[in-house]
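So the structure is just underneath, and the comments pick up after that.
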4 protein chains.
Amino acid sequence: MPKKAAGRAGRPRDENVHRAILDAARDLIRDEGYASFSIEGVAARAGVAKQSIYRRWSSKGALLVDLYMDGLDRLEPALGRGFPDDLLAVLQQTTKRVQDPTYANILKSVVVEAQSDPDMRKLVLKKIVEPRREAAKTLITNAIAAGELPSTLDAEMIVDFVFGAVWFNLLLGDANLTSQFARRIVKTIELLSPASRP
Amino acid sequence: MPKKAAGRAGRPRDENVHRAILDAARDLIRDEGYASFSIEGVAARAGVAKQSIYRRWSSKGALLVDLYMDGLDRLEPALGRGFPDDLLAVLQQTTKRVQDPTYANILKSVVVEAQSDPDMRKLVLKKIVEPRREAAKTLITNAIAAGELPSTLDAEMIVDFVFGAVWFNLLLGDANLTSQFARRIVKTIELLSPASRP
Amino acid sequence: MPKKAAGRAGRPRDENVHRAILDAARDLIRDEGYASFSIEGVAARAGVAKQSIYRRWSSKGALLVDLYMDGLDRLEPALGRGFPDDLLAVLQQTTKRVQDPTYANILKSVVVEAQSDPDMRKLVLKKIVEPRREAAKTLITNAIAAGELPSTLDAEMIVDFVFGAVWFNLLLGDANLTSQFARRIVKTIELLSPASRP
Amino acid sequence: MPKKAAGRAGRPRDENVHRAILDAARDLIRDEGYASFSIEGVAARAGVAKQSIYRRWSSKGALLVDLYMDGLDRLEPALGRGFPDDLLAVLQQTTKRVQDPTYANILKSVVVEAQSDPDMRKLVLKKIVEPRREAAKTLITNAIAAGELPSTLDAEMIVDFVFGAVWFNLLLGDANLTSQFARRIVKTIELLSPASRP
DNA sequence: CCGTAAACGAGACGGTACGTCCTGTCTTCTA
DNA sequence: TAGAAGACAGGACGTACCGTCTCGTTTACGG
């Protein structure tokens, strides 16, 4: 007769299974790319039943989102040094992760999944896109308030510019998403500041 | 006396079949979205053999690229009025087409296909992305030469900003890709011009 | 405490699916003949996935062999009454089954499949041909030993004669493969017996 | 107003095309067997249009029948030496041809085609099966009339025995269809003759 | 020597089926 | 209840041939 009412009845989920799935998924998308990434393949590689994956993630995309976030630092620690430096830090968190082709593949796949699944799109926005956009947006509006950027600036559009450049190059562009690339972005934004004028 | 040396041997491709495929594909992606878009489905809807599709397009993606371009005007005619107006025209060609959800879906699908097929990626760049980027790049560099934009400007990055904003919002964003949105983009770029300074 | 060590892992094959496939296959070959007999057609008619057929049978031919054997009595029970009667019984098992045009079609199809697939040929021999030939061969050699047939007889050749007559008429001949036909075969073999001589 | 009723208008059939088709078909069935024998394949190998094959033969089977008969000697020359020798000669014409695996394959294929095409079945009977059966039947009935075989004999059944043994071993049996095999057949038939009795 | 007409290589065409892969769900046994 | 295993209905893949068709070109004969 089971005692504890808190912990639900039955056998608890096995944490090793969780890890095995994430590891197998990461290895698979590293080795084969998104084209041959399937739940079936992950299960086989992880030595796990398909059901054990579906029990944890409602779709391929949800798994990929967790896979991208897995081990990713929180944003805040790097911040606090003001407009151009903090914006650079935000962008470099992404460029750094995406330098690893594995994570670049994951991020591309996440976008793919979002195109045909509205729930997935919401999830991607909430877990990956919005946190970074919000951070950047705040930095921009603060910079405007501080007179470091013109008061007429369309802050939302600047955020679109900055992240658009990153996403575009991830998905279709030729640019290597290096730290240097992030620096070029920020440099170009800085040209808008009154201080940059002759 | 041989007539046409040019005309290749064998029965020529049937233009009606070509049209039927494009029409069926467009209808299908309009009615069902990309998720249930299949070569099989297009063939059935067009009343055509699958082979007749594969004979013309090597992949689902290649078909989608042609589908997006089908009936799209050349860029040049709209140009010739100088930097901000021409840039706006270039962007509005896309925003206009993408206002139709059918073409928005096609364009999303094209990006999806490009993520798992390097040939497809090249095709998308060559047929859809690069022509517009080149047009915009030329406008930007001309504007710099004319002193309408600062000489220190990273033209390539401006192009990334401009198209990044469009692609990002197509794939993941909340912005409605209206003509007004294109205007906001151009307005923000104009803030860089020396003339806009106090 | 583990119960059954024997029961293999995973969901067991569904016996209803097995039956549905055999029934659909039989109906199909009855109604349409071998020409339009396809795995696809069987699956559709059985309301079953193609994979469920391939899981059980490696080829169309293997399915047909099982289909022919399905419900066919073992040979032995009918035997035990000595040379001419037992030989007749062996032959009549086949003529009886083949009186039903459905099973005649199946048997023809089985030969067809065997012509282009060595594995199939082995299967047909093992499951259909050899058991009957062995039974007949034993009866012949016993009859020789008992002096009912001449000691100089080439027993293997007699078996070839007897079954050759059946197979030939099934595949190419005009003879209706009735019980009477089997009787004619046995009668002709009996002419070899010393007892039949003047 | 066309004059000659005999020679029809238009370009006459090219005899080289005819030969090229037969040669390509023979080579194909020799090298690949019946499994991958297709009109498409023959056309490609012969360097000929598919239509040129369909113009001459109504089906794959009709082509195969001609292919088998191509270059085959008439039956008669070998005959005239009485019952056992002439029967042997008739059988050996077939065993000899069938020693070449190419022709064995053709003959098997011909039977295959006959199973799903009534016209083909008639053609095979008329052009390949019946002539030989008729020859044998005549020899048997003559032998009965001459007292070389018992008067009670079922001549048709003997023919079934003799050709059944050949066809069975061609299609399903282990016996190598050598001249020696034909001799064994005839030997066993001879056991029926009154002269063979003690 | 010219026009008609069939033959010819080539290859497109609507179809049908192939055997494989993957989806998301289910059913079994074992822990 | 979780978990490994694997069956299940379903859908699509890309390929191979079928037999028919439409091209441009070639080759004979009859006028």
message: Quick check on DNA chain F: between B:Lys60 and D:Phe37, whose nearest nucleotide comes earlier from the 5' end?
response: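 Of the two residues, B:Lys60 wins.
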Toward the 5' end of DNA chain F, by each residue's nearest nucleotide, D:Gly41 or A:Val48: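 Taking each residue's closest nucleotide, the earlier one in sequence belongs to A:Val48.
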- prompt: Is there a side-chain polar atom (N or O) of A:Ser52 under 4.0 Å from OP1 or OP2 of F:dA2?
  reply: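 No.
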[atom1] of [X] versus [atom2] of [N]: gap in Å, rounded?
X: B:Asp117; N: F:dG14; atom1: CG; atom2: P; result: 10 Å
X: B:Gln51; N: E:dG15; atom1: CD; atom2: C1'; result: 11 Å
X: B:Asp14; N: F:dT20; atom1: CG; atom2: C1'; result: 14 Å
X: A:Arg13; N: F:dA4; atom1: CZ; atom2: P; result: 12 Å
X: A:Ile53; N: F:dG3; atom1: CD1; atom2: P; result: 12 Å
X: C:Glu113; N: E:dA17; atom1: CD; atom2: C1'; result: 13 Å
X: A:Arg56; N: F:dT1; atom1: CZ; atom2: P; result: 15 Å
X: B:Glu15; N: E:dC13; atom1: CD; atom2: P; result: 10 Å

task: Output every pair passing side chain to side chain donor-acceptor pair (under 3.5 Å) with a member in residues 45-55 of chain B, not counting sequence neighbours, ordered by first then second residue.
output: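 Sorted result for residues 45-55 of chain B: B:Asp31-B:Arg45, B:Glu40-B:Lys50, B:Ser52-B:Arg55.
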task: Decide yes or no, distance alone: a donor-acceptor N/O pair under 3.5 angstrom between the base of F:dA28 and the side-chain of D:Arg11.
output: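 Not at all, since no donor on one side and acceptor on the other fall under 3.5 Å apart.
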message: Between the base of F:dG19 and the side chain of D:Lys50, is there a donor and acceptor pair under 3.5 angstrom?
response: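 Result: at least one qualifying N/O pair found.
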query: Which is true for C:Gly47 with a 4.0 Å heavy-atom rule: it touches a base, it touches only sugar-phosphate, or it touches nothing?
result: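 Sugar-phosphate, backbone atoms only, no base.
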query: Is a side-chain N or O of B:Asn105 found less than 3.5 angstrom from the main chain of B:Tyr34, in a donor-acceptor match?
result: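 No, because the side chain of B:Asn105 does not come within donor-acceptor range (under 3.5 Å) of the backbone of B:Tyr34.
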- prompt: Does D:Gln115 use its side chain to pair, donor to acceptor, with the backbone of C:Val112 at less than 3.5 Å?
  reply: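 Side chain of D:Gln115 to backbone of C:Val112, a donor-acceptor pair under 3.5 Å: no, none is there.
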So if I take every side-chain heavy atom of [X] and compare against [options], which nucleotide ends up nearest?
X: D:Glu40; options: E:dA12, F:dG3, F:dC17; result: F:dC17
X: A:Ser38; options: E:dG9, E:dT23, E:dC13; result: E:dT23
X: C:Arg55; options: E:dG14, F:dC18, F:dC8; result: F:dC8
X: D:Tyr54; options: F:dC18, E:dT23, F:dT15; result: F:dC18

message: Under 4.0 Å between a side-chain nitrogen and a carboxylate oxygen: does that hold for A:Arg56 and A:Asp66?
response: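 Answer for the salt bridge query: no.
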query: Is any NZ, NE, NH1 or NH2 atom of the basic residue among C:Arg19 and C:Asp70 found under 4.0 Å from an Asp or Glu carboxylate oxygen of the other?
result: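 A salt bridge links C:Arg19 with C:Asp70.
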- request: Tell me which of C:Ile39 and D:Pro12 sits closer to the 5' end of DNA chain E, going by the nucleotide each one is nearest to.
  value: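 Checking each residue's closest nucleotide, the 5'-ward one belongs to D:Pro12.
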